[in-house]
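Scroll down for the structure; my scribbles are underneath it.
So that the names make sense, note that chain A is the first sequence line, chain B the second, and so on, each numbered from 1.
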Amino acid sequence: MTAHDDLHRRLLDWFAVEARDLPWRRDTSGWSVLVSEVMLQQTPVSRVLPVYEAWMRRWPTPAALAADSPGDAVRAWGRLGYPRRALRLHQAAVAITERHGGEVPDEHAALLALPGVGEYTAAAVASFAFGQRHAVMDTNVRRVFARVVEGQAFPAPSVTAAERAMATSLLPEHDAHRWAAATMELGAVVCSARSPRCDACPVADLCRWRAAGYPEHDGPPRRGQAWHGTDRQVRGRLMAVLRESEGPVPKAALDAAWEDAQQRERCLDSLVADGLVDPVGDGAYALPGHGP
DNA sequence: AAAGCGTGGTT
DNA sequence: TAACCAAGCTT
């Protein structure tokens with residue numbers, strides 16, 4: 001019986017009782033898990049739920065999504081944010097249909113090769129859909145390990161080699177996928193960034209951060225993202241106009257979305273370059289249609 | 001490898 | 001209220 005075994009058992013027992021009943025935990029097919037993971041990138045569960053339900057009803061398989069246009073995906077994405085994720089999920093559906101016979105691949109490397117799938121998402125799908133053993137390191141897991149294991153308030157800005165080695169060494173031999181889900185869940189509902197609920201934590205007495213008296217974060221400043229007046233805000237305005245319209249919109253409709261013409265044009269150009277907007281002629285613009 | 005990329009709820 | 005935060009990825 002090692003210290004790790006104790007940590008594992010407590011978190012797994014806690015998770016068995018406290019796990020939220022989420023739709024992507026009921027339907028753990030590769031497609032369900034992939035869709036949910038992409039939607040959850042930088043986006044809270046509460047906002048993903050309704051979009052996820054509608055999405056899976058409309059496109060129950062990768063082939064179904066691949067058969068519709070990228071613009072349909074972007075419109076269905078609604079206000080989840082980062083609409084390039086919708087584009088990449090559509091591209092992933094096309095790749096899965098063409099290269100993998102319509103089945104979400106179960107190999108980490110094949111998952112990683114899909115558009116919009118990075119290290120975290122590949123590990124998450126391999127774990128949650130296919131029961132494999134991977135270090136799944138999202139913002140929740142990283143914060144939990146930083147606190148419980150390292151005694152620090154927050155992890156480094158990006159994953160370090162040492163951090164990955166530590167997470168890998170903590171992986172249990174069995175039930176690693178459940179361990180991944182449990183540590184994520186703890187970070188999401190108990191060991192939160194702003195106000196951790198240590199009174200409800202199953203491993204509070206093992207936590208080095210707690211034992212050290214909750215020292216403040218001492219690393220490089222955690223940078224927030226500017227918003228007002230940025231290109232991101234302008235791009236969001238332009239996309240909202242296109243999303244809310246059935247078909248193509250005249251340039252004038254986009255011009256009304258932002259005062260500064262130079263910035264507006266730059267953003268429109270960047271959206272076209274990103275494939276999120278199609279110039280359809282006669283000065284009109286639309287969400288991307290089917291390819292040529 | 002640092003910076004860009006949406007949106008809205010919480011503090 | 002401004003700042004922070006949310007199951008990251010890409011270039």
Side-chain angles (χ1 to χ4, degrees), chain A residues 15 19-20 22-25 28 32-52 74 77-89 91-92 111-129 134-145 153-161 167 177 180-189 191-196 217 220-243 257-258 263 266-267 270-271 273-277:
Chain A
F15 185 64
R20 289 169 294 176
L22 300 170
W24 45 87
R25 287 178 176 163
T28 59
S32 298
V33 175
L34 177 61
V35 169
S36 70
E37 289 301 339
V38 174
M39 287 185 175
L40 287 162
Q41 291 168 4
Q42 301 282 281
T43 310
V45 168
S46 60
R47 293 190 27 230
V48 165
L49 283 170
V51 181
Y52 169 86
V74 171
W77 199 256
R79 307 184 67 78
L80 275 188
Y82 294 143
R84 43 176 52 165
R85 291 184 294 165
L87 215 49
R88 292 186 177 132
L89 188 51
Q91 292 164 357
L111 287 163
L112 195 54
L114 295 172
V117 175
E119 192 61 44
Y120 161 75
T121 301
V125 174
S127 297
F128 304 146
H134 296 274
V136 177
M137 299 176 64
D138 78 324
T139 188
N140 292 307
V141 172
R142 297 188 62 221
R143 186 175 55 248
V144 166
F145 288 169
F154 292 101
S158 55
V159 180
T160 65
H177 65 286
T183 48
M184 285 177 66
E185 189 81 346
L186 188 77
V189 307
C191 193
S192 61
R194 299 266 207 114
S195 48
H217 176 65
R222 301 159 51 71
R223 296 203 58 77
Q225 301 166 329
W227 172 247
H228 294 285
T230 62
D231 286 4
R232 292 224 314 273
Q233 183 180 18
V234 180
R235 285 166 56 108
R237 289 270 188 94
L238 297 174
M239 289 304 295
V241 171
L242 290 164
R243 233 189 280 123
W258 193 258
Q263 185 180 23
R266 179 175 72 237
C267 289
S270 75
L271 287 169
D274 286 350
L276 283 165
V277 174

Residues in contact with DNA chain C, drawn from residues 32-46 of chain A - heavy-atom cutoff 4.0 Å = A:Glu37, A:Leu40, A:Gln41, A:Gln42, A:Pro44
May I have the distance from A:Asp274 (atom CG) to B:dG4 (atom P), rounded to whole angstrom?
-> 14 Å
Tell me what A:Leu22 touches on the nucleic acid: a base, only sugar-phosphate, or nothing, going by heavy atoms under 4.0 Å.
-> base
Close residues, residues 137-144 of chain A, relative to DNA chain C [heavy-atom separation under 4.0 Å] = A:Asp138, A:Thr139, A:Asn140, A:Arg143
Examine distances only and state if a side-chain atom of A:Glu119 and a backbone atom of A:Leu112 form a donor-acceptor pair shorter than 3.5 Å.
-> no
Checking all strands, does A:Trp77 fall into the base, sugar-phosphate, or nothing category for heavy-atom contacts under 4.0 angstrom?
-> nothing
A:Arg85 side chain to A:Gly81 backbone, donor-acceptor under 3.5 Å | yes
5' precedence on DNA chain B between A:Ser195 and A:Gly236 (nearest-nucleotide basis) | A:Gly236
Using a 4.0 Å heavy-atom cut-off across all strands, classify A:Pro157 as base, sugar-phosphate, or nothing.
-> nothing
Looking for any heavy atom pair under 4.0 Å, which part of the strands does A:Thr121 touch: base, sugar-phosphate only, or nothing?
-> sugar-phosphate
To the nearest Å, give me how far apart CZ (A:Arg235) and P (B:dG6) are.
-> 4 Å
N/O donor-acceptor pair under 3.5 Å between A:Ser270 side chain and A:Cys267 backbone | yes
Test salt bridge (Lys or Arg N to Asp or Glu O under 4.0 Å) applied to A:Glu185 - qualifying residues, sequence neighbours left out = A:Arg20, A:Arg25
At under 4.0 Å between heavy atoms, what does A:Arg47 touch on the DNA or RNA strands: base, sugar-phosphate, or nothing?
-> base
For A:Trp24 and A:Leu34, run side chain to side chain contact (heavy atoms under 4.5 Å, CB included): C-alpha distance rounded to whole Å, both residues' side-chain angles, the deciding distance at 0.1 Å, then the answer.
-> CA-CA 9 Å; A:Trp24 45 87; A:Leu34 177 61; over 6 Å; no
When the distance from CZ of A:Arg232 to P of B:dG8 is rounded to whole Å, what number comes out?
-> 13 Å
Which comes earlier along DNA chain B counting from the 5' end, the contact point of A:Ser270 or that of A:Arg79, where each point is its nearest nucleotide?
-> A:Ser270
Touch class at under 4.0 angstrom, heavy-atom based, for A:Ala193 against every strand present | sugar-phosphate
C1' atom, C:dT1 versus B:dG8: distance in rounded Å?
-> 15 Å
Give a yes or no on whether the backbone of A:Val189 and the side-chain of A:Ser192 come within a donor-acceptor separation of less than 3.5 Å.
-> no
What nucleic acid atoms does A:Gln225 come within less than 4.0 Å of, heavy atoms only: base, sugar-phosphate, or nothing?
-> base
Sequence neighbours excluded, which residues qualify as ring pair (Phe, Tyr, Trp, His ring centres under 6.0 Å) partners of A:Tyr120?
-> none
With sequence neighbours left out, the residues meeting salt bridge (Lys or Arg N to Asp or Glu O under 4.0 Å) with A:Arg235 are A:Asp274
Any sub-3.5 Å donor-acceptor pair from A:Gln233's side-chain atoms to A:Gly229's backbone N or O?
-> yes
Starting at OH of A:Tyr82 and ending at P of B:dT7, how long is that distance when rounded to a whole Å?
-> 10 Å
With respect to the side chain of A:Asp231, which nucleotide from B:dG6, B:dT11, B:dC5 is positioned closest?
-> B:dC5
Closest nucleotide of DNA chain C for A:Arg88 versus for A:His228: which of these residues is on the 5' side?
-> A:His228
Between atom CD in A:Gln233 and atom C1' in B:dG4, what is the gap in whole Å?
-> 15 Å
Side-chain donor or acceptor of A:Ser32 paired with backbone N/O of A:Thr28 under 3.5 Å = no
What integer distance in Å separates A:Leu242:CG from B:dG6:C1'?
-> 15 Å
A:Arg84 CZ to B:dT7 P: how many Å, rounded?
-> 12 Å
Give a yes or no answer on whether the side chain of A:Arg237 reaches the backbone of A:Trp258 with a donor-acceptor pair at less than 3.5 Å.
-> no
Just by modelled atom types, is the A:Val125 backbone N or O under 3.5 Å from a matching donor or acceptor in the A:Ser127 side chain?
-> no
P atom, C:dC9 versus B:dG9: distance in rounded Å?
-> 25 Å
Any donor-acceptor pair under 3.5 Å linking the side chain of A:Arg243 with the backbone of A:Val74?
-> no
Roughly how far apart, to the nearest Å, are B:dT11 and C:dA7 at atom C1'?
-> 22 Å
Given B:dT7, is OP1 or OP2 found less than 4.0 Å from the side-chain N or O atoms of A:Arg243?
-> yes
Which is the 5'-most and which the 3'-most nucleotide of DNA chain C that has an atom under 4.0 Å from a heavy atom of chain A?
-> C:dA3 to C:dT10
